Amino acid sequence: MREVATDASLRLRPEMTSRRLLVLAFVRDYINQWGESPSYGEIANGLAISATRARQLVKSLVKSGQVLRKPGPRGLSLPTQVEDAIRQLRELGWQIDEPQGLALPPCADSSLLAPPMLDYHPYP
């Protein structure tokens with residue numbers, strides 16, 4: 001007979017969210033110690049998880065901007081303070097033009113973005 005899941009069994013447990021933090025700490029420590037990023041196998045081995053789970057956790061860290069991913073077997077890196085600041089500003093709605101070095105604050109009033117209406121017509 002199959003048991004029905006209770007509300008208590010569906011709740012998030014601390015170890016579910018802390019795995020991401022463990023992976024992030026492992027990547028930081030590894031880069032600080034060895035000067036390059038760990039492989040998925042090394043992350044999995046170091047944290048006693050599967051390589052597939054390590055890959056999923058790294059993917060979620062990349063999506064949130066806490067880890068950067070470049071092509072290659074050891075392509076993980078940590079964002080610099082500038083990259084982290086740009087990510088945070090974009091999350092807050094700022095428009096960032098990196099080549100120009102401009103940061104425009106979010107505009108709360110969308111009517112300010114509309115083109116002005118002119119009443120004066122010089123030609124009849």
Side-chain angles (χ1 to χ4, degrees):
M1 186 166 159
R2 192 171 196 205
E3 289 185 34
V4 177
T6 63
D7 287 339
S9 67
L10 298 176
R11 290 189 190 141
L12 288 176
R13 296 183 309 273
E15 63 270 13
M16 289 180 180
T17 55
S18 65
R19 291 233 191 254
R20 282 182 49 185
L21 297 174
L22 288 173
V23 170
L24 181 59
F26 184 88
V27 170
R28 282 186 179 154
D29 292 345
Y30 193 97
I31 291 173
N32 286 336
Q33 183 175 359
W34 301 103
E36 63 181 5
S37 76
S39 66
Y40 292 121
E42 290 166 332
I43 295 170
N45 206 13
L47 299 176
I49 58 176
S50 70
T52 302
R53 185 67 179 135
R55 193 173 290 111
Q56 291 170 343
L57 291 165
V58 167
K59 188 175 181 179
S60 70
L61 289 170
V62 168
K63 187 176 180 179
S64 69
Q66 294 174 311
V67 172
L68 302 175
R69 176 84 175 109
K70 299 174 188 169
R74 294 186 180 267
L76 299 178
S77 64
L78 300 172
T80 64
Q81 289 180 341
V82 172
E83 292 165 331
D84 196 35
I86 289 171
R87 179 185 57 82
Q88 289 178 10
L89 286 172
R90 283 189 173 136
E91 287 175 359
L92 294 172
W94 285 64
Q95 294 179 0
I96 308 296
D97 184 1
E98 292 181 56
Q100 297 293 323
L102 298 174
L104 302 172
C107 184
D109 187 3
S110 62
S111 66
L112 295 176
L113 300 176
M117 300 300 292
L118 301 176
D119 290 347
Y120 173 74
H121 297 284
Y123 304 105

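These numbers were taken from a predicted model, which means no experiment stands behind them.
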For [X] and [Y], which heavy atoms make the closest approach, and how far apart are they?
X     : Y      : value
Gly65 : Pro79  : O-CG, 3.5 Å
Glu36 : Tyr30  : O-CD2, 3.1 Å
Gly93 : Pro106 : O-CB, 3.6 Å
Leu78 : Gln66  : CD2-O, 4.2 Å
Pro38 : Ile31  : CD-CG1, 4.5 Å
Gly75 : Ser37  : N-OG, 3.6 Å

Rounded to the nearest 0.5 Å, how far does [atom2] of [Y] lie from [atom1] of [X]?
X     : Y     : atom1 : atom2 : answer
Leu24 : Leu57 : CG    : CG    : 11.0 Å
Ile43 : Arg55 : CD1   : CZ    : 10.0 Å
Tyr40 : Ser50 : OH    : OG    : 12.5 Å

May I ask you to test the [X]-[Y] pair for a side-chain heavy-atom distance under 4.5 Å?
X     : Y     : value
Ser64 : Arg20 : yes
Arg74 : Glu42 : yes
Leu22 : Ile49 : no

Residues two or more places apart in sequence or in another chain: which of them pass side chain to side chain donor-acceptor pair (under 3.5 Å) with [X]?
X     : answer
Glu91 : Arg87
Thr52 : none
Gln88 : Asp84

Check: Got a sec: does the CH2 of Trp34 have more than 12 other heavy atoms crowding it under 6.0 Å?
Finding: no
Notebook entry, point to check: Does one hydrophobic cluster hold both Ile86 and Leu92, with members joined at side-chain heavy-atom distances below 4.5 Å?
Noted result: yes
Next item on the list: Answer with yes or no whether the hydrophobic clustering places Val23 together with Leu68; edges join I, L, V, M, F, W, Y residues whose side-chain heavy atoms lie under 4.5 Å apart.
Entry: no
